[in-house]
Amino acid sequence: MRRYGKNPDEDDVRVRPDRRGSRPRSRNRPKHEDAAEGFVLTVDRGRITCLVQERTITAMKARELGRKGIVVGDRVAVVGDVSGDPGTLARIVRVGERTSVLRRTADDDDPYERVVVANADQLAIVTALADPPPRPRLVDRCLVAAYDGGLDPLLVLTKSDLAPADELLESYAPLGVRAIACNRDELATGEGAARVLDLLTDRVTAFVGHSGVGKTTLVNALVPERQRATGEVNVVTGRGRHTTTSALALPLPDDRGWVIDTPGVRSFGLAHVDPSRVIHAFPDLEPGTADCPRNCSHDEPDCALDAWVAGGHADPARLASLRRLLATRDRREGD
């Protein structure tokens, strides 16, 4: 049966538009020169919360960005309604060049890397001294990711009232990593938060750590007006429960910087890491690699770093620490 009569010019005939004809006739795209600058605070199911001109707005990614991802910490260009009024929605049309990127993979066999945070200056690796016990292998992996991504590492040890910090601090001393220990009572009185705050001033710091180590409790002490949910350690498994479900950037008091709270991790894959980039974090050892064989792993008999250290150019403990970090790519955190 014909859907329409014999006359093809009837008024009720619906003609589908030609997809090719509906495309722009030119490859030129709007330059959006009037776009406002924004800072991504959080990303949740396609909705992106940005800070634009001291206002918090909701935006979505423009189609012209294609598959380009947007993460917390990105500097973006925003057009549309940037009033921040309820129900308004703007568009992100450009993503600025990133100065640093923190990446991880689900495990060492996963080729898909996930960008956690962009444009952070510092990575605060939070680990508890007890309940749950420290996991040095996970700390080592976070250090490798920091060096690979161009972030300065900071080791934050929590729950120092339950166990001493000396042994763990001593094992990381050769790396020259800044470290600080605090406990819940110090955070409650503000003393511990003040000491940590001194290390975060004028910086964008991403916080990462195993679930249950007190990471979000620390962030709440640093930014009291923005309390995030916290949880307790499971008494059966000894592991923490996930309470933070998405990364969130929060301003420190008096505009002293930013902290980015990230969800707790139980693994930190390093499949994406190039060992040749990790050596850049060891300026005392890097010149010694000039005589290394091609594609040297820096942990083999012909490695020139052994002769470099033997010649007194660097501390042997530094070389041992470098090799320990590089070895984490070949071993899982629990090994």
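Predicted model, so just to flag it, every value in this text is computed and none were measured.
With T328 as the partner, the side chain to side chain contact (heavy atoms under 4.5 Å, CB included) test is satisfied by one option alone out of V139, L270, V273: L270.
Using a distance-only test at 3.5 Å, with no hydrogens or angles considered, no donor-acceptor pair links the side chain of K159 to the main chain of P133. T262 places a side-chain N or O within donor-acceptor distance of the main-chain N or O of F207, the cut-off being under 3.5 Å.
The side chain to side chain contact (heavy atoms under 4.5 Å, CB included) test applied to D185 returns N183, not counting sequence neighbours.
The side-chain tip of R103 does not point at the ring of F268 from less than 6.0 angstrom away and within 45° of straight on.
Between the side chains of R135 and H210, at least one donor N or O lies within less than 3.5 Å of an accepting N or O. Looking only at atom types and distance, the side chain of T216 has a donor-acceptor partner in the side chain of D261 under 3.5 Å away.
Under the 4.5 angstrom side-chain criterion for Ile, Leu, Val, Met, Phe, Trp and Tyr, the cluster partners of V71 are V101, V115.
No continuous path of hydrophobic side-chain contacts links I48 to V204 [ILVMFWY only; heavy atoms under 4.5 Å].
In this pair, W258 and F39 present their aromatic rings tilted. The plane angle is within the 30 to 60° band.
When side chains are defined from C-beta on, V93 does not count as touching V78, because their heavy atoms never get closer than 4.5 Å.
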Distance-only donor-acceptor pairs under 3.5 Å for side chains of residues 192-202, two or more places apart:
| from | atom 1 | to | atom 2 | distance (Å) |
| --- | --- | --- | --- | --- |
| R195 | NH1 | A181 | O | 3.4 |
| R195 | NH2 | A181 | O | 3.0 |
| R195 | NH2 | E186 | OE1 | 3.0 |
| T201 | OG1 | L197 | O | 3.0 |
| T201 | OG1 | R256 | NE | 3.4 |
| T201 | OG1 | R256 | NH2 | 2.9 |

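In summary, R178 and D152 do not engage in a salt bridge, as defined by a charged side-chain N under 4.0 Å from a carboxylate O.
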